[in-house]
Amino acid sequence: MDEQHEADYLKGLNNPQKAAVLQTSGPVMIVAGAGSGKTRVLTYRIAHMIASGIDPFNILALTFTNKAAKEMRKRIENVVGSEAKNIWMGTFHSVFAKILRFEAGKLGYPSNFTIYDTDDSKSLLKTIIKELKLDDKAYKPNVVLNRISAAKNSLITHKMYQNADELTSYDSVSGKPEIAKIYNLYAKRCFMAGAMDFDDLLLKTFELFTTHIDVLNKYQHKFQYVMVDEYQDTNHCQYMIVKKLAAVNENICVVGDDAQSIYSFRGATIRNILNFEKDYPDLKVFKLEQNYRSTQTIVNAAGSIIAKNKDQLEKKVWTSNQLGEKIKVLRAVTDNEEGRFIAQSIFEEKMKHQSAHTDFAILYRTNAQSRSLEEALRKLNLPYRIYGGQSFYQRKEVKDLLAYLRLTVNHKDEESLKRVINYPARGIGKTTLDKIQLHASEQGVSWWDIVCNAEVFPNLGAAKSRLADFATKIKSFATMLATNDAYELSMHIAKSTNLLKSLYDDKTVEGISRYENVVELLNGIKEFVEDDSSELEKNLGVYLQDIALITDSDKDDGSDDKISLMTIHAAKGLEFPFVYISGMEENLFPSQMSTGSRKDLEEERRLFYVGMTRAERKLTLSYANSRFRFGQLLPCEPSRFIGEIVNDFIELDKKAFVKRSDGDKPEFNRFNKRKSESTEKSNLQNKYGRTNQKQTTRSLPPPIVNFVPDDTTEIKVSDVVEHQRFGKGKVVLLDGDFGNKKATIEFDEYGKKQLVLKFAKLRFVKN
DNA sequence: TACTAAGCTCTTTTT
DNA sequence: GAGCTTAGTA
């Protein structure tokens, strides 16, 4: 390798970074704090490996998101050129799916197996629960799926589950004793349909490597160097597969930060990173602790938050960046007002610093929070883009066409079959479908078998010929698979099923947008066919495999100058000069689902930490006194996390405490409108799926007098006050200084509570 | 069989 | 508010 060149790319690195890049063999763990140049180190490390003669074909790099994989590939290409194409780089799911395509036959699956997304899985579970005549209140598809998913991530197959007393007795106690049975049936039905769900992609890979040693050997030999990004987010199953792959060469490098472990709901266990040393005694550990991203204020405030967690690796993140502005805290009366404050603030900052829209990000805990923010941004004509949330591929019209495509490739795909068997309507109604369902479960055959042999089954009556026509149609598509590329075939299917025309004929606003979405899907397929950067075949099967694991946030349109809206989870790995974290309310962030145990709360805190450390220059936190959820206006407490930040780092925004004018009153008349409007909308959505259009008005919350730092109101011991949530109470103690004054209040109902007055929502009660 | 109106339920994060 | 189901009707 060119010595001069090596000096070039190592020049910009600090000492631990350089050491981590140069240590290319043996087991390595890089503990990388937020903003410490992790991606840079990984990139240069791979570049360095290739430059020192390691064949890119022998390198496997696993990431969690397609975005991260793409970004890394791009950056490596910049350093080493086109050789980077040959690295096996991708998400766990996509890399394992690729392996499974090759080896599916060994597990009894067809190589063109379908990948079920979450919707497919839930829908299948729903039919199973119905077939077993179980109470659908106790057995919610979501809950059952989580349970099955957790089992799969812990390498517990449906056969093992039945005998796992601990699991089944837990199910019994929680009123769901039949989960083992459902899991069993679910696994069988997936197998029968030639389908794998997301978790199967991991579980089946593990099974493959366990039952077929020759296959394992092949991949162990192929992947001489294994690298895992975001190692703190791996679950047990992923950990075991990686361990197996690296067992021979032991050239394994994991990169992670225990303080950023935020995926335990997906089975990620922080143990994997804490215990890595035990697996590899020769381990070399490199710690990247200098933060290059954020101001001192943000780094220190974030550090003081994360220090409250007990489970962590020893590490001190620091920065030599400038001190920077204080963290701003905005308080609003409702979520709508919160949206207005944020939009207004972005508008002002943008003017002040002549910043681009891409410099701003609004982060939140749940996707549902985006609604009020969107509305406010639209009113100020600020362009924005939402990442995540409902994906393009989940729209009804897109899923419908995809279902035809999937069914063409894999006739056994039951979820797709059900979706399109009577769409567009061809006279195969509910009665017929019920009969098919009955036959299928009685005879243990698939829906496709019945559709193909309709004449054999009794009671199908007039529907027989219609079913036969449908089967003939799908079969005729399948014969075109070998001779036509993905685009030609998709176009043919869209036209000959009348799907395209029926959407085209609908000239309503929603209809036009639906038509455009299907056209966009078809254009996407065309692009896939015309893209000659990859050597993959251009047939439909390969295309479907390609998009099954792609999510909306992976679509790149970074060229647009827009404000980014996303959950904190989705913001991982990104950075923005100005970051707003909205909805800093107790039970929302930290989520009420997770405040049950210390461990859960610690994960929420890590999540908050991740959100804070996305900000380079300025961080703004906001919360509302009340928020609409499920059509109900609910009172909110400010998040305990705001109180946890050391006071020196934060500044309350005065603007938020200005008295509201009467012009702020929302309209109530919306509720007097004809009821049929909402019904009409609901039916339309039922028929065509969700549309983008969201228009809402909210009602005014009850007025609350707040104590703010510049409030002249004095509060004294023995005053009687009323709290928005805790009710009536008497002030028994006052302490703390100005701006951080605390009151201990003895509430009639809840006993003694200490409240920070600047956050409390109280009013005096006349005695 | 297809469509409409009304009623019920819904609480997180993602591949 | 929004999605989804069900009963009732054409």
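Just so we're on the same page: letters track the sequence lines, and every chain starts at 1.
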Trainee: Using heavy atoms to find the nearest nucleotide of DNA chain B for A:Ile428 and A:Phe92 separately, return the residue whose nucleotide is more 5′.
Mentor: A:Ile428
Trainee: Tell me, please, which residues at least two apart from A:Glu575 pass side-chain hydrogen bond (donor to acceptor under 3.5 Å, both in side chains).
Mentor: A:Arg293
Trainee: With respect to the phosphate group of B:dT15, does any side-chain polar atom (N or O) of A:Asn153 fall under 4.0 Å of OP1 or OP2?
Mentor: no
Trainee: The side chain of A:Thr567 is closest to which nucleotide in this list: B:dT15, B:dT13, B:dA2?
Mentor: B:dT13
Trainee: Does OP1 or OP2 of B:dT14 have a side-chain N or O of A:Thr118 closer than 4.0 Å?
Mentor: no
Trainee: How far does the P atom of B:dT13 sit from the matching atom of C:dC4, given to the nearest Å?
Mentor: 15 Å
Trainee: Measuring from the side chain of A:Thr366 (C-beta onward, heavy atoms only), which nucleotide among B:dT14, B:dT15, B:dT12 has the closest atom?
Mentor: B:dT12
Trainee: Output all residues satisfying ring-ring contact (aromatic ring centres under 6.0 Å, His included) with A:Phe576, sequence neighbours left out; order by chain, then residue number.
Mentor: none
Trainee: At less than 3.5 Å, do the side-chain atoms of A:Arg365 and the base atoms of B:dT13 form a donor-acceptor pair?
Mentor: yes
Trainee: CZ of A:Phe265 versus P of B:dT12: gap in Å, rounded?
Mentor: 11 Å
Trainee: Could you give the CG-to-C1' distance, from A:Leu100 to B:dT15, as a whole number of Å?
Mentor: 14 Å
Trainee: Between B:dT13, B:dT9, B:dT15, which nucleotide gets closest to the side-chain atoms of A:Lys137?
Mentor: B:dT9
Trainee: With respect to the side chain of A:Thr65, which nucleotide from B:dT14, B:dT15, B:dT11 is positioned closest?
Mentor: B:dT15
Trainee: Any side-chain N or O of A:Lys126 less than 4.0 Å from the OP1 or OP2 oxygen of C:dT5?
Mentor: yes
Trainee: Can you find a side chain N or O atom of A:Lys140 that sits less than 4.0 Å from OP1 or OP2 on B:dC10?
Mentor: yes
Trainee: Distance check needed: B:dT12 P versus A:Met593 CE, whole Å only.
Mentor: 5 Å
Trainee: Nearest whole angstrom, please: distance from the C1' of C:dG1 to the CD of A:Gln369.
Mentor: 15 Å
Trainee: Only one of A:Tyr609, A:Tyr623, A:Phe608 forms a ring pair (Phe, Tyr, Trp, His ring centres under 6.0 Å) with A:Phe641, so which one is it?
Mentor: A:Phe608
Trainee: Give the rounded distance in Å between these two atoms: CG of A:Leu433 and P of B:dA2.
Mentor: 9 Å
Trainee: Within the pair A:Ser591 and B:dT11, is there a side-chain N or O less than 4.0 Å away from OP1 or OP2?
Mentor: no
Trainee: Evaluate the salt bridge (Lys or Arg N to Asp or Glu O under 4.0 Å) criterion for residues A:Arg419 and A:Glu415: first the C-alpha distance (whole Å), next the side-chain angles of each, then the deciding distance (0.1 Å), finally the verdict.
Mentor: CA-CA 6 Å; A:Arg419 200 173 177 98; A:Glu415 294 308 310; over 6 Å; no
Trainee: Just how far, in rounded Å, is P of B:dT11 from CG of A:Asn146?
Mentor: 11 Å
Trainee: Check whether NZ of the Lys or CZ of the Arg A:Arg466 lies under 6.0 Å from the centre of the six-membered ring of A:Phe470 and within 45 degrees of that ring's axis.
Mentor: no
Trainee: Using the closest heavy atom to pick a nucleotide of DNA chain B for each, name whichever of A:Gln592 or A:Asp199 lands nearer the 5' end.
Mentor: A:Gln592
Trainee: Rounded to whole angstrom units, what separation is found between the CG atom of A:Asp119 and the P atom of B:dT14?
Mentor: 14 Å
Trainee: So, does A:Asn367 get its side chain near the phosphate of B:dT13, meaning an N or O under 4.0 Å from OP1 or OP2?
Mentor: yes
Trainee: Looking only at the side chain of A:Tyr263 (C-beta and beyond, no hydrogens), which of the listed nucleotides B:dT13, B:dC10, B:dT14 gets closest?
Mentor: B:dT14
Trainee: Apply the salt bridge (charged side-chain N to carboxylate O under 4.0 Å, His left out) test between A:Arg627 and each candidate in A:Glu338, A:Glu586, A:Glu637; give the one that qualifies.
Mentor: A:Glu338
Trainee: Ignoring backbone atoms, test whether A:Thr431 places a side-chain nitrogen or oxygen under 4.0 Å from the OP1 or OP2 oxygen of B:dT1.
Mentor: yes
Trainee: Without decimals, in angstroms, what is the distance between A:Arg466 CZ and B:dT1 C1'?
Mentor: 9 Å
